[in-house]
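Before any comments, here is the structure.
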Amino acid sequence: KRVYSKSFGYAHIDERIPITSDTIFRIMSISKTFTAIGIMQLWEQKKFDLDDPVNPYLKALKVQHKDPRAAQITFRNLLTHTSGVGEMRGLSDMLRPIGGLGAKPDTRILSMPEYYNGKLQAEIYPGQKWAYANHAYAMLAQLIEDISGEPFAMYMRHNVFEPLGMMHSDYFMSERVCAALTQGAPALAQGYQFKKDRFEPVDYLRLNTP
């Protein structure tokens, strides 16, 4: 049962729209918590072992180090940010919004095999260093899809969000999120950056990775 609930701040500063318990926020990196739940559900079903290499489970995408002698990357590596995967696919991502993760909302959502052109390369050897890795968790999302046989977003709705009563949550600005916004829920919280002694709104960008 709910023990405590209180909201602070504004969903939109200029219009003085207060945040409530029903305000919809971007899921951002909280998504990793739910992705970990999804993949561990499949582990509980004995679909894989945590120390299994992930490549045999990936159907149209591989993750590996450029050194063919390097240890293979495992589920445990991806989950614990020890896979050696970095924060950019290549140098060109330095010139793209959010290091290549961001895209304009009207662009087509790429599949993970398309986005990574079939391969994600680790920068350092797996297990050598802890380094927070968005791309590693994108691989876990693809693994959920490939192992379960269900599109990632649908798997997460059916097996994580809905059992938790999170009927308006999703990984993208999907129809269920938009429906919540049109049925009286407060507007999507506006993102801001603090600049020149004031909060300035930032443009909405869709993320390429779940």
Side-chain angles (χ1 to χ4, degrees), residues 1 25-89 99-101 109-172 174 176-177 207-210:
K1 63 182 180 179
F25 282 83
R26 300 291 302 275
I27 192 168
M28 302 306 286
S29 282
I30 301 300
S31 65
K32 293 181 177 67
T33 300
F34 295 108
T35 300
I37 291 171
I39 197 73
M40 292 304 289
Q41 286 177 338
L42 295 170
W43 171 77
E44 287 180 329
Q45 297 168 27
K46 302 189 184 303
K47 301 289 188 181
F48 63 88
D49 289 327
L50 287 175
D51 292 312
D52 283 349
V54 297
N55 280 335
Y57 296 87
L58 290 165
K59 295 181 178 178
L61 180 62
K62 300 300 175 187
V63 53
Q64 58 197 36
H65 194 276
K66 62 183 179 181
D67 182 355
R69 298 168 298 176
Q72 295 188 67
I73 293 168
T74 66
F75 288 87
R76 192 186 301 273
N77 291 144
L78 294 178
L79 279 162
T80 59
H81 297 290
T82 58
S83 64
V85 170
E87 278 300 271
M88 296 186 186
R89 295 167 298 169
L101 294 174
I109 295 176
L110 301 177
S111 68
M112 291 296 94
E114 285 181 289
Y115 178 66
Y116 292 107
N117 197 25
K119 183 179 73 173
L120 175 63
Q121 186 167 290
E123 294 181 5
I124 62 174
Y125 294 107
Q128 182 174 318
K129 180 182 178 182
W130 184 93
Y132 187 85
N134 287 301
H135 296 299
Y137 266 72
M139 292 301 101
L140 288 170
Q142 186 64 49
L143 284 159
I144 289 173
E145 182 166 312
D146 289 345
I147 293 171
S148 71
E150 187 175 10
F152 170 71
M154 297 303 294
Y155 178 92
M156 297 302 292
R157 289 184 193 181
H158 297 157
N159 295 280
V160 180
F161 293 139
E162 290 173 3
L164 290 171
M166 301 171 66
M167 307 307 291
H168 299 145
S169 297
D170 216 339
Y171 276 76
F172 303 102
S174 63
R176 66 196 265 133
V177 177
L207 295 184
N208 278 310
T209 59

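These numbers come from the heavy atoms of this one structure, side chains and all, not from hydrogens, waters or symmetry mates.
Listed by chain and residue number, Tyr57 satisfy the side-chain hydrogen bond (donor to acceptor under 3.5 Å, both in side chains) test with Asp52 (two or more places apart in sequence, or in another chain). Applying the side-chain contact (heavy atoms from CB on, under 4.5 Å) test to Ala36 and every residue at least two apart in sequence or in another chain returns Leu79, Tyr137. For Asp51, the salt bridge (charged side-chain N to carboxylate O under 4.0 Å, His left out) test picks out Arg76, with sequence neighbours left out. Here Phe161 pairs with Phe34, Tyr171 under the ring-ring contact (aromatic ring centres under 6.0 Å, His included) rule; sequence neighbours left out. A search for side-chain hydrogen bond (donor to acceptor under 3.5 Å, both in side chains) contacts involving Thr82 returns Asn77, Thr80, not counting sequence neighbours. Every ring-ring contact (aromatic ring centres under 6.0 Å, His included) that Tyr125 has, sequence neighbours left out, goes to His65. With sequence neighbours left out, Glu162 forms a side-chain hydrogen bond (donor to acceptor under 3.5 Å, both in side chains) with Arg176. Residues that satisfy the side-chain hydrogen bond (donor to acceptor under 3.5 Å, both in side chains) test with Lys32, not counting sequence neighbours, are Ser29, Tyr132, Asn134.
Listed by first and then second residue, the salt bridge (charged side-chain N to carboxylate O under 4.0 Å, His left out) pairs that reach into residues 129-143 come to none, sequence neighbours excluded. Judged as a side chain to side chain donor-acceptor pair (under 3.5 Å), the pairs with a partner in residues 143-161 (not counting sequence neighbours) are, in order, Gln41-Tyr155, Gln142-Asp146, Glu150-His158, Arg157-Asp170, Arg157-Glu175.
Using a 4.5 Å cut-off on side-chain heavy atoms (C-beta onward), Phe48 and Val54 make no contact. Side-chain contact between Thr74 and Leu50 is absent, with no heavy-atom pair separated by less than 4.5 Å. Looking at heavy atoms from C-beta onward, Leu61 lies in side-chain contact with Met139 at the 4.5 angstrom threshold. Considering only heavy atoms from C-beta on, Ile39 stays 4.5 Å or farther from Leu78 through its side chain.
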